[in-house]
Amino acid sequence: MKVLESAVMQGFMRMADDGFCQGWHERNGGNLTYRMKPEEVEQVREDLRFDAPWQDIGTSVPGLAGEFFIATGSGKYFRNVMPFPEDSCAIVEIDPTGEKYRICWGLVNGGRPTSELPSHLMNHEVKKRVTGGEHRVIYHAHTTNVIALTFVLPLTDEAFTRELWEMATECPVVFPSGVGVVPWMVPGGRDIAVATSKLMEQYDVAVWAHHGIFCSGADFDLTFGLAHTVEKSAEILVKTLSMTGAKRQTIQPDQFRDLAKDFHVSLPERFLFEK
Ligand code: 13P
Ligand code: ZN
């Protein structure tokens, strides 16, 4: 089967386009990667090439040796993923050491996978391990309201988790483990990849100060839905602070505990502090 005819590539393209339509992907902002299932690779194997040179990833991900990923290209625009997928995206294979990759499909006019490949792959490696292989999607988006909040909230996991939980009743159900925060760091390198992947041991969402978010999930719906929920919550907080500068009332710690009981989630007590 041709890559472009496969359900997985169609799902990848739709998610990229959904993110663009939300306004989270100005110019080449953001990137998306998907760890393919073995049967998805087999389905399209005849459309892949295996003669491209191996290139350094820039970090080591032995837990992903031999895996195939669909990835957006570096400098490519999410706006162009739907009309020009073969120019904007790639399928890459990881070598048996987990230190190199090669392009097996796409990027027909040249280029390389996203500059955030080290972060994506280190996050994939952690999530593959801690979820027993369930998580397959890593998504980085320049979510406007989350970014705005990184200029006014303390850059702590506690402050961001609690504020985002308070803004919409179902937030604690959608991201019960909370969100982690990475202070401002140079994007694209190993340091920000290491810091983010440490947070991914316990969270599915990491906020990059003054830059955007990273989300992890099992499939395109869950991962896009997670980013959408977090960003909408941030938008409500931005609106609330813009209207009044302070909340008159909000959800209280005991109310979160009641919610957790009824919705069968466990909310870490460290986020339910008295204010
Ligand atoms: P790429 O175009 O290399 O994916 O980079 C975009 C981005 O958002 C970097 O953080
Ligand atoms: Zn970015």
Side-chain angles (χ1 to χ4, degrees), residues 9 12-13 15-35 55-59 61 69-92 94 101-103 105-124 137-151 155 160 179-200 203-216 220 223-224 226-228 230-231 234:
M9 191 64 198
F12 183 95
M13 290 159 58
M15 175 157 167
D17 202 54
D18 285 345
F20 172 70
C21 292
Q22 290 294 326
W24 303 338
H25 299 287
E26 76 291 343
R27 205 173 180 279
N28 66 308
N31 22 75
L32 174 63
T33 55
Y34 172 81
R35 185 169 59 84
Q55 305 186 53
D56 283 332
I57 295 170
T59 188
V61 284
F69 291 86
I70 309 177
T72 49
S74 185
K76 303 292 183 177
Y77 293 19
F78 270 52
R79 177 169 173 261
N80 288 336
V81 166
M82 203 55 114
F84 310 118
E86 286 168 289
D87 171 74
S88 311
C89 308
I91 292 179
V92 300
I94 309 299
Y101 73 88
R102 65 178 171 188
I103 296 171
W105 180 90
L107 291 174
V108 290
N109 297 308
R112 58 190 179 97
T114 172
S115 60
E116 302 294 1
L117 195 66
S119 283
H120 278 253
L121 293 181
M122 289 186 80
N123 290 343
H124 274 293
V137 183
I138 298 287
Y139 180 40
H140 167 54
H142 292 180
T143 41
T144 316
N145 293 284
V146 170
I147 297 170
L149 289 179
T150 66
F151 295 95
L155 294 175
F160 268 80
V179 305
V181 180
V182 180
W184 188 87
M185 294 175 83
V186 177
R190 207 183 111 79
D191 290 350
I192 197 164
V194 170
T196 312
S197 61
K198 257 189 214 146
L199 293 175
M200 285 291 172
Y203 304 117
D204 293 339
V205 185
V207 172
W208 281 6
H210 322 322
H211 186 152
I213 54 170
F214 255 82
C215 288
S216 170
F220 297 124
T223 315
F224 185 80
L226 177 59
H228 206 180
V230 169
E231 170 60 7

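In listed order, ligands and their atoms are each counted from 1.
- Residue Trp208 has no N or O atom closer than 3.5 Å to an N or O atom of ligand 1.
- Taking every non-hydrogen atom of His140 and a distance limit under 4.0 Å, the qualifying atoms of ligand 1 come out as 8 (O), 10 (O).
- Every atom of ligand 1 with a heavy atom of His142 under 4.0 Å away is listed here by number and element: 8 (O).
- For ligand 1, the atoms closer than 4.0 angstrom to any heavy atom of Asn28 are 1 (P), 2 (O), 5 (O), 6 (C).
- When each of Asn28, Thr114, Asp87, Asn109 is tested with Lys76 by the rule side-chain hydrogen bond (donor to acceptor under 3.5 Å, both in side chains), just one qualifies, namely Asp87.
- Those atoms of ligand 1 with a heavy atom of Gly30 less than 4.0 angstrom away are 4 (O), 6 (C), 7 (C), 8 (O).
- Only one option out of His211, His25, His120 pairs with His140 in a side-chain hydrogen bond (donor to acceptor under 3.5 Å, both in side chains); it is His211.
- Between Lys76 and ligand 1, no N or O atom pair is found at a separation short of 3.5 Å.
- Summary of contacts: the protein heavy atom closest to atom 10 (O) of ligand 1 is Glu116 OE2, 2.5 Å.
- Of the possible donor and acceptor atoms, one in the side chain of Ser88 sits under 3.5 Å from a partner among the backbone N and O of Asn80.
- For ligand 1, the atoms lying closer than 4.0 Å to a non-hydrogen atom of His211 are 10 (O).
- Between the Glu231 side chain and the Asn145 main chain, a donor and an acceptor come within less than 3.5 Å of each other.
- The nearest N/O/S atom of His142 to the Zn ion (ligand 2) is NE2.
- The Zn ion (ligand 2) lies closest to atom NE2 when only the N/O/S atoms of His140 are considered.
- For the pair Pro187 and ligand 1, the shortest N or O to N or O distance does not fall below 3.5 Å.
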Problem set entry | Check against side chain to side chain contact (heavy atoms under 4.5 Å, CB included), Tyr101 and Arg112 | CA-CA 10 Å; Tyr101 73 88; Arg112 58 190 179 97; 3.9 Å; yes

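- Nearest residue to atom 7 (C) of ligand 1 from Val186, Asn31, Leu32 is Asn31 (criterion: closest heavy atom).
- By the 30° and 60° cut-offs, the orientation of the rings of His210 relative to Phe151 is parallel.
- A side-chain donor-acceptor contact under 3.5 Å links Thr196 and Trp208.
- With hydrogens and angles ignored, the 3.5 Å screen pairs no side-chain donor or acceptor of Thr72 with any backbone N or O of Asn31.
- Heavy-atom proximity to Gly75, at under 4.0 Å, picks out these atoms of ligand 1: 1 (P), 2 (O), 3 (O).
- Within a 6.0 Å radius of CZ in Arg79, no more than 12 heavy atoms belonging to other residues, nucleotides or ligands are found.
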Exercise. Ring pair (Phe, Tyr, Trp, His ring centres under 6.0 Å) between Tyr77 and Phe20: does it pass, once the steps are laid out?
Worked result: CA-CA 9 Å; Tyr77 293 19; Phe20 172 70; 9.2 Å; no

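- In terms of polar-atom proximity, Gly29 is not counted as a contact of ligand 1, lacking any N or O under 3.5 Å from an N or O of the ligand.
- When each atom of ligand 1 is checked for a heavy atom of Thr114 under 4.0 Å away, the hits are 1 (P), 3 (O), 4 (O).
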